[in-house]
Structures are given as C-alpha cells and as structure tokens.
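In what follows, a structure is listed as structure tokens, so that the remarks can point back to it.
Sequence lines set the chain letters: A, B, ... in the order given, protein chains first and strands last, and positions in each chain run from 1.
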There are 4 protein chains.
Amino acid sequence: MTDQSRPGRKRSEQSRLAILAATLELVAEAGYGALTIEGIAARSGVGKQTIYRWWPSKADVLLDALATKADLQIPIPDEGSLRADLTRFLGRTFELGDKSPVADTLRALMAQAQIDPEFGKRFREEFLFRRRDALGRIVDRARERGELPAGVGSGTVIDVVFGTLWYRLLATREPVGRGLAGELVALLSAR
Amino acid sequence: MTDQSRPGRKRSEQSRLAILAATLELVAEAGYGALTIEGIAARSGVGKQTIYRWWPSKADVLLDALATKADLQIPIPDEGSLRADLTRFLGRTFELGDKSPVADTLRALMAQAQIDPEFGKRFREEFLFRRRDALGRIVDRARERGELPAGVGSGTVIDVVFGTLWYRLLATREPVGRGLAGELVALLSAR
Amino acid sequence: MTDQSRPGRKRSEQSRLAILAATLELVAEAGYGALTIEGIAARSGVGKQTIYRWWPSKADVLLDALATKADLQIPIPDEGSLRADLTRFLGRTFELGDKSPVADTLRALMAQAQIDPEFGKRFREEFLFRRRDALGRIVDRARERGELPAGVGSGTVIDVVFGTLWYRLLATREPVGRGLAGELVALLSAR
Amino acid sequence: MTDQSRPGRKRSEQSRLAILAATLELVAEAGYGALTIEGIAARSGVGKQTIYRWWPSKADVLLDALATKADLQIPIPDEGSLRADLTRFLGRTFELGDKSPVADTLRALMAQAQIDPEFGKRFREEFLFRRRDALGRIVDRARERGELPAGVGSGTVIDVVFGTLWYRLLATREPVGRGLAGELVALLSAR
DNA sequence: AACTAAACGAGACGGTACGTCGTGTCTTTCG
DNA sequence: CGAAAGACACGACGTACCGTCTCGTTTAGTT
C-alpha cells in the first residue's frame, strides 16, 4: 500500500533511531525549553533536512521518541469490577508517568500542544484521545454493570480521571502516588 | 520601604498600560506562539529595555495583562452548603474562563509554566495556588459540615475540581458549560 | 582505443542534449547567478548524478552548451593585409558576441573562471588561448609584412585587441559595434 | 546633513574595521570562492546581522575593505606630455595591481560584478567609472595637445588601456610589468 | 537654578536558532 | 550497468528575536 516499491534511496532507519535517541537525551539533560532541531541534528550526526523531511516540528519528534521508547499502549483490563479495572489502569499509568523523564516529556508535549495549534491537533488525536478511548471502554462496562453514580456522564468521569492526573502533573507537580487511585475509585463508585 | 522617594524619573504608567494592551492585542491576533517582546515594544511604541526592566519574561507580561484586564479575584461564597457554594464558585469561574481570549491566555500561561521553570514557579504561587486556597476554604467548610465523602482528602477534592476544568481547557477544549458544575457537585457530595 | 565497445548501457545522447538545452534556458531566464545543478537536473528531467558523471562543474556544462549551440570556431582569414584580416576577424567575433545571450554567457564564464581556479584553467586552455592562437596567426603574418608598429610585441597586440573587446563586454557593457574594428585597425597599423 | 544626530546607539567603528580586516584575511587565505558572510562574522567576532545591516552583499564588503586598505585613489598626473602622464599613471596603477592580494581581489570583484547585477552596477559606478574618469582627464589633455592619433575616439583609447590591463589580469594572468606601459604609450601616441 | 539620577524611545550590538537551498555522494529500482 | 529518483551529511544562506548595551532626551527629586 504505502510501501509500494519506489525508486530512490530508502529512509535510513539508523538515522531515525539516532534522532529519537538524541532527542530524549537532550530533553533529559537540559529540558524541553533548550531543545532545538539544530541540537538534535548535531547530537545525532544527522543533517537538519533529514529531520525536517520526516517530522513537522520538534514536538512531533519528541512525541515519536516517547512513543518509540516507552510503550505507551496501556492494556485495557477487564476484571469484572470498576474498582479492579480502574486500579489496574491507573496503576499502569502511574508506572509510566512517575518516571521523571517521561513526566517531563508529557508536560512539555501538553504545553507545546497549547502553543502550536497544528501540533495540538495531532497530539490530541494521536495521544490524548486514544487514552480517553481506552478508559472509555472501562467506564462503559462499569456503567452497564450499574457501578457508576447516576447523574454523571461517562465523558465527565473520564475527564475527572485524566483531569486529576494531568492537573497533578502540570500544576501541583506532586507525584501521582498509589493513594490517588483509591480515592478516585471511591469517588467514582456508585453509592 | 520599597517605594521610598528616590530621585530620578518615575515609572511611566502610560507605557505600562500601552505594553499590557499591546500584549493582549497581539495574543488575540496571532496567538501566544507569535508573541515576542520585540513585537510588544513595536506595537506599544516603547523601547525593549522598558519591558525588560519591569518584567522577567513575556509570559509575566501576559499574566500581568490578564490580571489587570480581567479581575481574576473570585469571591469565596458562603451559602451554607457545598452544593450552593460550589455551584456559585464554578459559575463565576466559568464566566471568566469561557471568554475565548481569557481561555486562550490561560492555556498559554499554563503551557509556558511547563517550559520555563522560573515562570512556572511564579505562575503556581501567584495564580494557581491562590485559586486552590479559595476553593480550599469552601471545601474545608463542607468537610466540617460532613458534606464530603469519607476516604477522599480535601486536597484531592480540589485537584478533581480544578483538574477537570483545566483538562477540558487544555485537552478536550470543550466549553466548560453549566452542566459540569452539577455533575461535579453530584460526584463530590457525600452519599 | 577509447571508444572500444564496452559493456553496459551507453551514454544517453538524449539526456546530454536535454541538459545542455536546459542550461541555456535557465541562464537566459534568470541569469548565471541563479543557475544550479539541481535546477538543470529538474528542468531536463535528469538525475543529478548524470550531470556530475560527465561534467566537473556547472560552468563546464555551460561552456559545453555554448560550444554546442553557437559554433565558436572562427575561421582565420588570409586576405593579404592586416586591415582586411583584422576587420573580418573582428566582424565575425562581434557577430557572435553581440547576441545578448551569448554575451551574457561569456561574461558568466569569464567570471566563474576567476572564482573557480580549476575551471579557470580549463576555460583558458580550451577557450581563451585558442582564440589567442587564431589571432596570433593573423598578427604573425602582418608582422612579416611589416604592417605592425615597431616596439610593440605581438603578444601585446593580441592583448590589446582581446582586452578591449572583453573590457567592453565586462566593464562598460557597451555593444561592441562596427566602429571599434576600424579604430583598432587604425591604432595597430604601422604608420 | 547626513549625520544628523539620531537617537539610538551609534555604529561601532571597531566592528566595522574588524569586519573589513577579517574579509581581507579570509580572501587571502582561501580565495573569494571560500568567502562567506558566516566566516567573516566568525572571524571578526561580530553578529551576522551587523554585516547585513551595513553591506548589501559580501562583494560590497570586499570592495569596501579594499578601498579602506589600499588607497585606490590614484592622483592624476599633469606633466605636459601623454608619454609622461601615461607612464606615471600606469606605473602607479601597476604598483597597486601587482600586489597579489590586491590583484586577486580585483579579479573577484570583477567576476562578482558579472554574476550579481546589483553589485555590478555599484562596482561600475563606484570603482570602474571613477578610474575611467581619471584616465579620461589625461587623454583629454593629450587630445588638446594633438598627441593622439586621429580616427581613434577618446573613449576607445581609455578602453584600450584599461582593457589591456584587465585582460592580463583576468585572462593571461601575466604580471602587468613595466614594459607594457611603454608599449601602450608607443601604440597610442600620434605618429 | 543647578545638579544628579533614573526612566524613556531608539536602535546597534553579539548571539542562537530558524527553516530553506544547494552541494556532492550514496542507494535503490527500473529498463 | 546507465539513468531516474530521491535520501543523506554538510554548509551557508538571510531572517527573526533574544537580551544587552549605548545614545540623546525627558522628568523628578535633591542640593
């Protein structure tokens, strides 16, 4: 389909990996604010053009690097109760988000999504909404089982969960510990 | 103390206002990503030095502009019930945050707070934590009245409320309508 | 010897001509300053490598294109007098050099010969010195007939003739009209 | 007039001189083909913008550097005879043009004048035509004294002199020695 | 009234990074 | 195996802003 055999040199996988690796290193070392395309190119031994050819912005490189390194795919548990599913889902999410370099990167991406509208669209569609969909499945099943309080839409439940997580990440910068999972479960369970 | 009468020319209030006005105009016209100190100076007919003299970064100018224009101070209601207090507090908050230019500015500031650690500190202390404190009073009173579910800390309640708001602002970009207030109240009330 | 039947595909005459034609078109359209190998390849529908394979620089392509298009070979007249020979030689030269695209190309080549020493060497040997030799024959015959002023070397006579032509081309950019031939003849004839 | 007192920082003479010096050094070391604005800025410890602010192209920087270093103003002699005036004028010219770095620079400027039409105009008006005017005075006086051959216009005389010099510089690259002056005088004197 | 001191608009300065263009090379596929 | 297509590392381009630094000017106290 997309990989029909075209003439011409093929994209260098080696360069691609070097770019992603260099990007993560640089963000870890000096923060997203100091990340530059020029710097990535220099560190990875690549021409700038090679970066511009394949990614529309440095935030996209970073998102790609994050996705390639940390497998962001979180399995959707199905254990028969909201309590169990949510605990497991959040536990897995915390595991990722608590690693400081991953947390820093997520912060930077969410920030850049606000400042660069084009990237914002991609970030929402390729990252945020996928996570929403995953949680959505869990919530839908819980609703069918009658585990959710009436008067609170499924969308809102999802917003509350991710909202709290992101708020801790962005605003209070407290580690999103184990306790939070229990509190959210308590709050969201029908009583 | 600080404002002891010193010799020399006084700070020009006219320049200050021109800078803040120009800043808001420019953000409204082309977005925060296109905001530059150079542009603010040109638009407001001011030397760049005058901006650097009084604000540490362009985000600080913007925060100042926002505070000067929209009164961000939200009164802390005390109507005797969590339901009433929260509804009123959120209603007042939505009023502000639903005006698109204000929402855009808040998004930009939260974004910049992630990217520029120095500004992040100021933004948290001078803006985010003040809002938290206001809501904290409401929550504390509700707790005393036993209106809150057990097993959920006051901090978490606050995180849930603001988290949901910010998440809608930053991630889903849905208008934070009236309905949300009711849903949050329902969720947070002891049952 | 050199054209022994070698294995492999033969050089494509079609590509060669397309390259030369494209080169002349591009110079005519936007000037030598805007001429690029990349542009020639694109215009002629040829891979860049094909150009690099057969010419050492874009100036060489242009020189080749000029030689292929305008026959630069000027016959050496022998009419028995310096006056007649020189008039005829210069007339034929002017015919060529007054066509604006040819003049522009010559200017560009002489310029590039100054900037790129490698090409300079080739340009001198393959173009400039051949023209010198042609005029040299005329001058030598005139000298034998005693038509040249004493005290002026043959080399200088040639330098004066070509120097004046090139100077008009490069510096004053005046059309090298008919009159000039007469004046040069007058100046160079023994009196 | 032009130097009316304007607000703002003044142009830095130190930077200007550093730029001109660096330019000459770089041309001398690696040739005009390797001269870059970037290189000049680096060598002179100046920002690129400072160069772009004051000169329209690197050739203009070089022309300025040449004019500042070697005083290109050649005095117009008036000794009463074409022979004496011309000998002196050419002698002074040779002195300059025989210094290899000056010769190389002149070659490069004349070349660039062909490739960049904008610079070409400036080079002709600010350099070539001034030299022509100087020689023009000498020729005019000679004409009044009847020292020039009839049938050869003053403009052509000038073209012959400068043409021969430039041709030697650009094409044969022979040193323009003393002998040439004598031969030109012989050729141009009425007989 | 003279003096001092700070803030002001203007704008040049040394820098850094941008995103683009062209170079010359290398790799792949096709004829 | 030549030739198209096109990716690659590299280097320079010319521009935009950064934050700093003079300038000459204006405005307030302080002597």
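Take Q14(A) and apply the side chain to side chain contact (heavy atoms under 4.5 Å, CB included) test, not counting sequence neighbours, and it matches S12(A). Residues forming a side chain to side chain contact (heavy atoms under 4.5 Å, CB included) with P101(D) (at least two apart in sequence, or on another chain): K99(D). With sequence neighbours excluded, the residues that form a salt bridge (charged side-chain N to carboxylate O under 4.0 Å, His left out) with R16(B) are E13(B). F123(C) pairs by the ring-ring contact (aromatic ring centres under 6.0 Å, His included) definition with F119(C), F127(C), not counting sequence neighbours. For L24(C), the side chain to side chain contact (heavy atoms under 4.5 Å, CB included) partners at least two apart in sequence or on another chain are L62(C), A65(C), K69(C). With sequence neighbours left out, P7(D) forms a side chain to side chain contact (heavy atoms under 4.5 Å, CB included) with no residue at all.
Note on residues 109-120 of chain A: pairs passing side-chain hydrogen bond (donor to acceptor under 3.5 Å, both in side chains), not counting sequence neighbours, are Y32(A)-Q112(A). Sorted by first and then second residue, the salt bridge (Lys or Arg N to Asp or Glu O under 4.0 Å) pairs involving residues 52-62 of chain D (not counting sequence neighbours) are D60(D)-R122(D).
Atom CZ in F119(C) sits roughly 15 Å away from atom P in dT23(E) (whole-Å rounding).
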For residues 34-48 of chain D, dump all side-chain donor-acceptor pairs below 3.5 Å to protein atoms at least two apart in sequence or in another chain.
| unit_1 | atom_1 | unit_2 | atom_2 | d |
| --- | --- | --- | --- | --- |
| T36(D) | OG1 | G39(D) | N | 2.8 |
| E38(D) | OE1 | K48(D) | NZ | 2.7 |
| R43(D) | NH1 | E25(D) | OE1 | 2.5 |
| R43(D) | NH1 | E29(D) | OE2 | 3.2 |
| R43(D) | NH2 | E29(D) | OE1 | 2.8 |
| R43(D) | NH2 | E29(D) | OE2 | 3.3 |
| S44(D) | OG | I40(D) | O | 2.7 |
| S44(D) | OG | A41(D) | O | 3.4 |

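At a non-hydrogen distance threshold of 4.0 Å, T36(A), I37(A), E38(A), K48(A), Q49(A), Y52(A) from residues 33-66 of chain A come into contact with DNA chain E. Near-neighbour residues of DNA chain F inside residues 11-22 of chain C, defined by a heavy atom below 4.0 Å, number-ordered: R11(C), S12(C), S15(C).
Minimum heavy-atom separation, G33(A) to I115(B): CA-CG2, 3.9 Å.
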Could you write out each protein N or O paired with an N or O of nucleotides 29-31 of chain E at a distance under 3.5 Å?
| unit_1 | atom_1 | unit_2 | atom_2 | d |
| --- | --- | --- | --- | --- |
| dT29(E) | OP1 | K10(A) | NZ | 2.9 |

